[in-house]
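Following: one structure in structure tokens, then a few remarks.
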Amino acid sequence: MDKSKRYYVTTPIYYVNDVPHIGHAYTTLACDVLARFKRLDGFDVKFLTGTDEHGQKVEKSANDKGVDPQTFTDTVSQNFRDLLGTMNFSADDFIRTTEERHKISVQALWKRLIDAGEIYLGSYSGWYAVRDEAFYGEGELVKDKDGNKVAPSGAPVEWVEEPSYFFKLSAWQDKLLKFYDDNPDFIAPKSRRNEVTSFVSGGLNDLSVSRTTFKWGIPVPGDDAHIMYVWLDALTNYITAVGFPETETGEYATYWPADLHMVGKDILRFHAVYWPAFLMAAGLQPPKRVFAHGWWTNEGQKISKSLGNVIDPIELVSTYGLDQVRYFLLREVPFGNDGDFSRSAMVGRMNSELANDLGNLAQRVLSMVNKNCDGSVPKHGEFNPDDNTMLASAHTMIDGVKKHIDNQSFNDALEVIWLVIRASNAYVDAQAPWKLKKEDPARMETVLYVLVETIRHIALMLQPFMPDTMGKMLDQLAISHEHRSFRFLGSAHALVSGTALPTPEGVFPRFVAEEEKGA
RNA sequence: GGCUGGGUAGCUCAGCUGGUUAGAGCGCGGCACUCAUAAUGCCGAGGUCGGCAGUUCAAGUCUGCCUCCAGCUACCA
């Protein structure tokens with residue numbers, strides 16, 4: 001197996017206590033585009049997502065509902081699985097931490113860490129907030145209005161003193177710093193990398209990795225009183241899904257180390273510090289890269305449940321259309337930055353870029369072809385310098401796109417494609433095929449040929465972002481499903497003159513607000 | 001308090017190792033065209049590149065100080 005031609009990308013596993021929102025959709029969307037892109041580029045891809053189902057909070061939620069935790073998680077995990085269909089995500093595997101394969105995997109990892117002397121039994125005491133699933137130092141606590149000590153988040157805390165296993169994280173400080181140094185692209189974007197290295201440079205404490213205060217989790221092998229700390233459990237999903245503890249054959253041998261863990265910026269530390277430390281301590285390879293993306297605000301406001309302005313992906317898709325939403329989320333903001341979702345920005349992008357620039361380009365060209373070329377791919381004569389410039393920009397587009405995709409710079413990748421789209425519209429106007437129709441029909445056909453061939457390239461390149469719509473556009477060019485990978489880019493696989501084309505139909509309608517309709 | 005990143009046209013942002021008239025998209029104004037989803041193309045307005053000082057033949061681009069914003073981190077009577 002050629003390891004350079006395989007690609008393993010993961011989303012975080014989503015905490016089942018949450019209801020799927022735009023943040024989940026955004027993270028998985030980014031991975032979906034990467035996975036689709038790599039598949040089209042000839043890679044053997046594994047794209048993993050799933051749900052994190054253990055922990056005290058889940059146990060509590062289930063109790064509150066009067067059901068056992070397994071029944072509870074079966075129900076809520078499904079919400080995240082449904083999101084795949086809603087957003088047209090092409091995940092290859094959906095892992096749940098309550099699965100048997102995962103229990104085996106986590107316990108095997110634990111044993112490796114024990115055997116390596118990286119875990120020891122001690123005792124833990126501190127202020128614990130169930131709601132945050134985190135310990136706080138005395139100094140971090142604040143007083144609420146009744147004078148009770150609470151976490152900085154406002155969550156109630158309790159003094160907990162219990163035996164606990166510890167991972168010797170403190171011993172990994174130098175090795176982690178060397179690892180970051182040797183792998184400058186491990187953490188992205190750059191600003192996040194700085195944050196992590198400065199955090200690690202500040203010193204690391206050993207990490208409590210077990211609890212005795214609840215039961216809903218994976219037991220420590222040989223010491224059932226202890227349940228493994230949720231992050232050790234959760235992070236291990238990335239290797240469970242490739243068949244760990246089997247490491248010599250099968251998917252682990254093929255796909256590990258993962259090419260990319262996509263995460264929100266809130267969980268970067270777990271992925272960029274704890275996870276590589278766990279893996280190296282167990283004698284396993286850390287992942288190649290962790291990318292921390294930003295958050296969305298809603299019309300300039302921070303999104304929160306209490307404000308009631310949570311953005312529901314299902315609603316977005318039904319209002320604006322699936323591919324329009326997929327496009328907007330990756331086009332509007334440089335990936336890694338925070339972004340703002342606003343109705344006007346959404347409509348602006350979908351109308352000016354999708355309907356006007358791209359949709360109308362396809363429509364104006366295809367309808368001329370339909371009316372003037374017998375509804376089939378036009379014949380072409382010699383290409384003049386203008387034609388060659390146009391075609392060359394279509395042919396070389398992939399280079400820029402690929403470069404940006406490998407940096408997860410989705411908006412830049414789209415910009416590269418849009419330069420070609422704008423150039424195509426300018427080319428149409430400059431060549432004025434509607435004039436050539438009367439003056440030089442053969443030349444008109446050549447111009448239209450250049451255009452359909454350019455549109456073919458644009459549609460092929462945009463498939464990862466907008467799979468449905470680009471599928472329709474390729475249908476309109478009568479390109480079979482077997483001819484839609486990036487292998488077919490370039491003049492060697494150009495459209496064949498005379499091929500019958502279906503009647504064109506617009507694929508990106510303009511968005512007209514309800515109140516404007518019928519006005 | 002410390003660290004990091006950032007303050008560039010109305011808005012969102014590009015500007016690599018310092019070098020001729022500082023760029024794009026959107027928005028705005030005008031012109032052209034009529035194939036097309038009242039779409040497209042072209043032209044234009046406009047910014048003392050956060051402030052002050054310095055280095056240099058030359059600074060948005062380097063240095064120092066100041067200021068504002070964001071993130072991370074530490075600490076506190």
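Keep in mind that what you see is a predicted model, and the values were worked out from it rather than measured. Letters A, B, ... are given to chains in the order of the sequence lines, protein chains preceding strands, and every chain is numbered from 1.
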Tell me the interatomic distance from [X], atom [atom1], to [N], atom [atom2], rounded to whole angstroms.
X	N	atom1	atom2	result
A:R331	B:C26	CZ	C1'	11 Å
A:F335	B:A14	CZ	C1'	20 Å
A:F511	B:U37	CZ	C1'	15 Å
A:E332	B:C11	CD	C1'	11 Å
A:L354	B:C26	CG	C1'	14 Å
A:K435	B:C35	NZ	C1'	12 Å
A:D340	B:C26	CG	C1'	15 Å
A:F341	B:U12	CZ	C1'	16 Å

Write down the atom of A:G300, the atom of A:D340, and the distance for their closest heavy-atom approach. N-OD1, 2.6 Å
With pairs taken as Watson-Crick or G-U wobble and both distances under 3.5 angstrom, which stems of at least three consecutive pairs involve RNA chain B? B:1-7 with B:67-73, B:10-13 with B:23-26, B:28-32 with B:40-44, B:50-54 with B:62-66
For [N] and [M], measure between their [atom1] atoms and round to the nearest Å.
N	M	atom1	result
B:U4	B:C66	P	15 Å
B:C3	B:A74	C1'	10 Å
B:G29	B:U67	P	42 Å
B:U48	B:A9	P	9 Å
B:U21	B:C49	P	15 Å
B:C26	B:C42	P	11 Å
B:G60	B:C43	C1'	27 Å
B:C11	B:U55	C1'	36 Å

Return the set of residues passing side chain to side chain contact (heavy atoms under 4.5 Å, CB included) with [X] (not counting sequence neighbours), or none when no residue passes.
X	answer
A:N372	A:M368, A:K437, A:M444
A:K175	A:W172
A:E505	A:Q476

Of all of [range], which get a heavy atom below 4.0 angstrom from RNA chain B, listed by number?
range	value
residues 366-389 of chain A	A:S367, A:M368, A:K371
residues 447-475 of chain A	none
residues 173-196 of chain A	A:R192, A:N194, A:E195

Residues pairing under ring-ring contact (aromatic ring centres under 6.0 Å, His included) where one sits in residues 404-444 of chain A, two or more places apart or in two chains, turn out to be A:Y327-A:W418, A:F335-A:F410
Taking for each residue the nucleotide of RNA chain B bearing the nearest heavy atom, is the 5' side occupied by A:E505 or by A:N337? A:N337
Which sits closer to the 5' end of RNA chain B, A:E353 or A:K438, going by the nucleotide each is nearest to? A:E353
Run the numbers on A:N411 and A:E332 for side chain to side chain donor-acceptor pair (under 3.5 Å), then give the verdict. CA-CA 7 Å; A:N411 66 317; A:E332 178 70 2; over 6 Å; no
So that I know where these two stand, are A:F486 and A:F37 an aromatic pair - ring centroids less than 6.0 Å apart? yes
Centroid-centroid distance, A:F328 to A:Y320, less than 6.0 Å: no
Nucleotides 38-44 of chain B: protein proximity per nucleotide (B base, S sugar-phosphate only, - neither; heavy atom, under 4.0 Å): -SBS---
Please indicate whether A:L419 has more than 12 foreign heavy atoms, meaning atoms of other residues, nucleotides or ligands, lying under 6.0 Å from its CG. yes
Please say whether more than 12 non-hydrogen atoms of neighbouring residues, nucleotides or ligands are located less than 6.0 Å from CG in A:D374. no
Under 3.5 Å, is there a donor-acceptor pair between the A:S164 and A:S208 side chains? yes
Looking at every strand, decide which applies to A:G348 at a 4.0 Å heavy-atom threshold: base, sugar-phosphate, or nothing. nothing
Which residues pass the salt bridge (charged side-chain N to carboxylate O under 4.0 Å, His left out) test with A:D182, sequence neighbours left out? A:K178
Classify the angle between the aromatic ring planes of [X] and [Y] as parallel (below 30°), tilted (30 to 60°) or perpendicular (above 60°).
X	Y	value
A:W275	A:F278	perpendicular
A:H271	A:W231	perpendicular
A:Y449	A:H380	tilted

Who pairs with A:D406 by side-chain hydrogen bond (donor to acceptor under 3.5 Å, both in side chains), at least two apart in sequence or on another chain? A:K38
Contacts of type side-chain hydrogen bond (donor to acceptor under 3.5 Å, both in side chains), residue A:D206, not counting sequence neighbours: A:Y120, A:S170
Kindly indicate whether the side chain of A:M466, heavy atoms from C-beta on, has any atom under 4.5 Å from the side chain of A:Q324. no
